[in-house]
Protein chains: 2
Amino acid sequence: MNLQQKKTSAPDTTVLEKLRASGLRPTRQRLALAKLLFGRGHCHVTAEGLFNEAKQTHVNVSLATVYNALHDFTAKGLLREISVDSSSSYFDTNTDDHHHFFFEGTGELQDIPPDSVRIAALPEAPGGSAISRVDVIIRVRD
Amino acid sequence: MNLQQKKTSAPDTTVLEKLRASGLRPTRQRLALAKLLFGRGHCHVTAEGLFNEAKQTHVNVSLATVYNALHDFTAKGLLREISVDSSSSYFDTNTDDHHHFFFEGTGELQDIPPDSVRIAALPEAPGGSAISRVDVIIRVRD
DNA sequence: CAAGTTGATTAGAATTTTTCTAAACTGCGA
DNA sequence: TCGCAGTTTAGAAAAATTCTAATCAACTTG
Ligand SMILES: [Mn+2]
Ligand SMILES: [Mn+2]
Ligand SMILES: [Zn+2]
Ligand SMILES: [Zn+2]
């Protein structure tokens with residue numbers, strides 16, 4: 001149950017290179033998860049959600065490995081983590097600077113077109129600290 | 001260990017009335033927690049943090065009761081819940097419309113003076129949904 | 001190219017955070 | 001005062017996340 005990668009006959013070159021470029025070993029588990037994450041358009045996933053997708057695709061990884069991969073990808077800038085809700089955190093395959101709608105009923109996230117939010121004034125970062133990110137979350141009731 | 005309220009000889013009238021006005025029974029446990037929360041200036045607490053304060057003040061409540069009280073207070077508009085961090089959610093005694101600095105190192109929250117953030121443009125709420133709140137969180141590295 | 005070394009990775013186990021639900025309590029009407 | 005009904009509490013359970021020991025694989029050496 002702990003087989004590691006074997007040379008895939010038709011590797012998804014794009015995803016493979018994405019991992020290599022970031023300095024993460026393209027293991028069988030990471031490749032499979034990266035394919036699920038980056039193989040189609042941008043999406044917002046939870047650990048549990050990605051884990052379930054993996055199961056459906058017969059990709060055998062533990063939930064802990066899903067967390068590890070999500071955190072590793074985030075640390076390398078391939079994903080962005082978003083906290084909107086105490087229930088669980090979301091990971092966003094869109095790492096461009098952008099903001100979100102959060103649908104309180106369904107728990108879903110949706111990107112907001114970058115230009116439709118404009119912040120006119122921002123305060124100074126307090127005492128010797130530096131701004132690392134500004135998150136705008138528009139909560140909507142559906 | 002399950003004694004309920006008994007008439008306190010010198011009740012904190014302000015806190016007592018705050019609970020009565022919101023329609024929550026002013027039980028011994030809620031009064032004690034409300035006193036910790038509202039008895040001083042505005043603050044941002046986690047369930048665990050408030051639970052520890054309670055222990056230090058020899059207020060005997062279970063952690064589950066702290067969660068119940070925080071959620072009840074939030075439902076009645078006495079508190080506001082904030083998600084910034086997957087580790088745990090925060091509850092804010094300041095229910096006015098305002099935004100936050102989040103110190104990534106220490107995990108602390110700090111209010112931003114209301115006028116120093118101005119949002120110039122906001123998008124329409126998508127398809128038949130209505131905006132319930134806009135949260136701006138400025139993450140800073142300390 | 002085999003074996004040994006070392007650092008990276010995986011995933012079961014443990015921990016932390018939050019919620020559920022049965023029991024305890026309280027307010028009210030008889 | 002007593003019993004009933006809705007409310008509240010908190011131990012137990014569940015859900016979310018992290019820890020760590022075992023495993024794996026890249027690299028070095030012979
Ligand atoms: Mn959590
Ligand atoms: Mn949880
Ligand atoms: Zn997004
Ligand atoms: Zn605040």
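Letters go in sequence order (proteins before strands), and every chain restarts at 1.
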Any [X] side-chain nitrogen or oxygen under 4.0 Å from OP1 or OP2 of [N]:
X       : N      : value
B:Ser89 : C:dT17 : no
A:Arg25 : D:dA26 : no
A:Thr27 : C:dT10 : yes

Set out, line by line, the N/O atom pairs under 3.5 Å between protein and nucleotides 2-4 of chain D.
none

Next on the checklist: So, using ring-ring contact (aromatic ring centres under 6.0 Å, His included) as the criterion, who are the partners of B:His44 when residues are at least two apart?
Outcome noted: B:His100
Next on the checklist: The criterion is ring-ring contact (aromatic ring centres under 6.0 Å, His included); which residues satisfy it with A:His42, sequence neighbours excluded?
Outcome noted: none
Checklist entry - Got a sec, which pairs hit side chain to side chain donor-acceptor pair (under 3.5 Å) with one end in residues 66-75 of chain A, sequence neighbours left out? => result A:Arg30-A:Asp72
Sequence neighbours left out, what passes salt bridge (Lys or Arg N to Asp or Glu O under 4.0 Å) with [X]? Give chain and number order.
X        : result
A:Asp135 : A:Arg80, A:Arg133, B:Arg139
A:Glu104 : none
B:Arg20  : none

[X] [atom1] to [N] [atom2]: how many Å, rounded?
X       : N      : atom1 : atom2 : answer
A:Asn52 : D:dA16 : CG    : P     : 11 Å
A:Leu50 : D:dA16 : CG    : P     : 15 Å
B:Leu24 : D:dG6  : CG    : P     : 18 Å
B:Tyr90 : C:dT17 : OH    : C1'   : 13 Å
A:Leu33 : C:dT10 : CG    : C1'   : 12 Å
A:Leu19 : C:dT9  : CG    : C1'   : 13 Å
B:Asp85 : D:dT17 : CG    : C1'   : 12 Å
B:Glu81 : C:dT19 : CD    : C1'   : 13 Å

Item to check | Presence of salt bridge, A:Glu53 and A:Arg40, under 4.0 angstrom | outcome: yes
Checklist entry - Does the side chain of B:Gln29 pick up a donor-acceptor pair with the side chain of B:Thr65 at under 3.5 Å? => result no
Checklist entry - Nearest of C:dA11, D:dA16, D:dT9 to any side-chain atom of A:Ser88? => result D:dA16
Checklist outcome for this item: Contact check, residues 63-79 of chain A vs DNA chain C, heavy-atom distance under 4.0 Å, returns A:Ala64, A:Thr65, A:Asn68
Expected list for residues 112-131 of chain B: side-chain donor-acceptor pairs under 3.5 angstrom, two or more places apart:
residue, atom, partner, partner atom, Å
B:Ser116, OG, B:Pro113, O, 2.8
B:Arg118, NH2, B:Asp115, O, 3.4
B:Ser129, OG, B:Pro126, O, 2.5

